[in-house]
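Some notes on the structure that comes next.
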Amino acid sequence: MTSRIAIDPNVRVRGNETYAGFEDVEGVVGVDDDVEVWEPEIGLTGLGRITDIDADRRLIYLAVDWASLRLAPIRQAVRANVTVYSSHPQVASALRAINERHTPVFRFRQVRDDVPA
Amino acid sequence: MASEATVAVPANAVVIRFRPTDPESVLRWAEKEHRRIGYYRLSVFADAPREREDEDAVVRRLLAVSELAGVDPAGNKRVFVCAKASELLRLNFTFHKDEEEDELEEHYSVDLGPAPTVDDVRRFLEPFAAEGRQR
């Protein structure tokens with residue numbers, strides 16, 4: 001199984017490489033290993049390769065294929081069709097906030113003339 | 001290797017940062033940087049507008065430099081935040097370069113000072129929130 005390392009996409013060292021701490025690693029890694037890189041806050045994932053390990057400072061250097069980074073879709077353990085009927089604006093607002101943060105999962109349809117979608 | 005010397009960044013420079021923006025997470029990255037070079041610093045991308053370039057064009061250019069322009073073409077996932085260098089400078093933050101020959105020209109490190117706290121990180125992030133740009 002490919003190991004995964006959390007990164008900060010802002011961090012650029014040694015040209016266009018980046019680094020992470022040992023604490024950011026899931027799995028077992030070594031130099032030249034291909035790994036999945038990800039930014040946990042928004043679910044950005046992509047590909048990287050370990051170029052160096054600094055055991056003294058507990059840091060791992062990576063060459064990242066920055067152009068490969070994409071927002072990962074929500075992983076669905078269960079597929080279900082759920083219909084939500086609500087005239088409360090906060091419900092729609094909450095569902096739209098989820099759509100904005102993740103790959104859209106909710107579709108809106110107006111079912112009553114007096115209640116907007 | 002990094003030094004204490006600051007670099008002059010124009011006040012009208014546009015500064016962008018990608019996620020993470022959670023203050024505690026950002027502080028942990030500053031702590032890792034301290035492990036690496038002995039300074040609590042955070043990475044940003046920044047540059048001043050070129051002739052006939054508006055701020056949106058600078059942002060697009062910085063995204064291209066970072067090679068992350070394709071992350072969210074629809075621009076509605078809040079992948080990065082923006083600030084003006086003038087606001088960070090007003091808050092007495094300083095910009096630094098790594099002094100590595102191959103450091104990206106538009107990549108800078110902003111110093112949080114010695115022993116920063118989460119409140120220092122919030123102070124650093126404030127101009128990005130105040131700018132109100134969510135892309």
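A, B, ... follow the sequence lines: proteins, then strands. Residue 1 opens every chain.
- Within residues 28-35 of chain B, the residues approaching chain A closer than 4.5 Å by heavy atoms are, in numerical order, Trp29(B), Lys32(B), Glu33(B), Arg35(B).
- For chain B, the nearby part of Phe22(A) is the backbone; its heavy atoms alone come within less than 4.5 Å.
- When Leu59(A), Val11(A), Asp54(A) are each tested for a side chain to side chain contact (heavy atoms under 4.5 Å, CB included) with Arg36(B), only one passes: Leu59(A).
- Under 4.0 Å is where a charged nitrogen must lie from a carboxylate oxygen, and between Arg19(B) and Glu39(A) no such pair does.
- Using a 4.5 Å cut-off between heavy atoms, Val13(A) contacts chain B through both its backbone and its side chain.
- Under the 4.5 Å side-chain contact rule for hydrophobic residues, Tyr19(A) and Leu112(B) do not share a cluster.
- Taking the side chain as every heavy atom from C-beta outward, Ser43(B) and Pro9(A) never approach each other to under 4.5 Å.
- Interface residues of residues 26-33 of chain A toward chain B, defined by a heavy-atom distance below 4.5 Å: none.
- Residue Asp56(A) does not touch chain B at all, counting heavy-atom pairs closer than 4.5 Å.
- With sequence neighbours left out, Phe124(B) forms a ring pair (Phe, Tyr, Trp, His ring centres under 6.0 Å) with Phe93(B), Phe128(B).
- For a residue to count as touching a neighbouring chain, one of its non-hydrogen atoms must lie under 4.5 Å from one of that chain's; by this rule Phe45(B) touches chain A with the side chain only.
- One hydrophobic cluster holds both Leu69(A) and Leu62(B) under the rule that ILVMFWY side chains link at heavy-atom gaps under 4.5 Å.
- Under the 4.5 Å side-chain heavy-atom criterion for grouping Ile, Leu, Val, Met, Phe, Trp and Tyr, Leu47(A) is not connected to Ile42(A) through any hydrophobic cluster.
- In the hydrophobic clustering of ILVMFWY residues, with side-chain heavy atoms under 4.5 Å counting as a link, Trp38(A) and Phe80(B) come out apart.
- Remark: the Ser25(B) side chain and the Glu41(A) side chain contain no N/O donor-acceptor pair separated by less than 3.5 Å.
- Using a 4.5 Å cut-off between side-chain heavy atoms of Ile, Leu, Val, Met, Phe, Trp and Tyr, with links allowed through other members, Ile53(A) and Tyr61(A) fall into different hydrophobic clusters.
- Against chain A, the residues from residues 101-110 of chain B that qualify, each with a non-hydrogen atom under 4.5 angstrom away, are Asp102(B), Leu104(B), His107(B) in number order.
- Although no hydrogens or angles enter the test, the distance criterion places a donor-acceptor pair under 3.5 Å between the side chain of Asn10(A) and the main chain of Phe18(B).
- Counting only heavy atoms from C-beta outward, the side chains of Leu71(A) and Val71(B) approach each other to under 4.5 Å.
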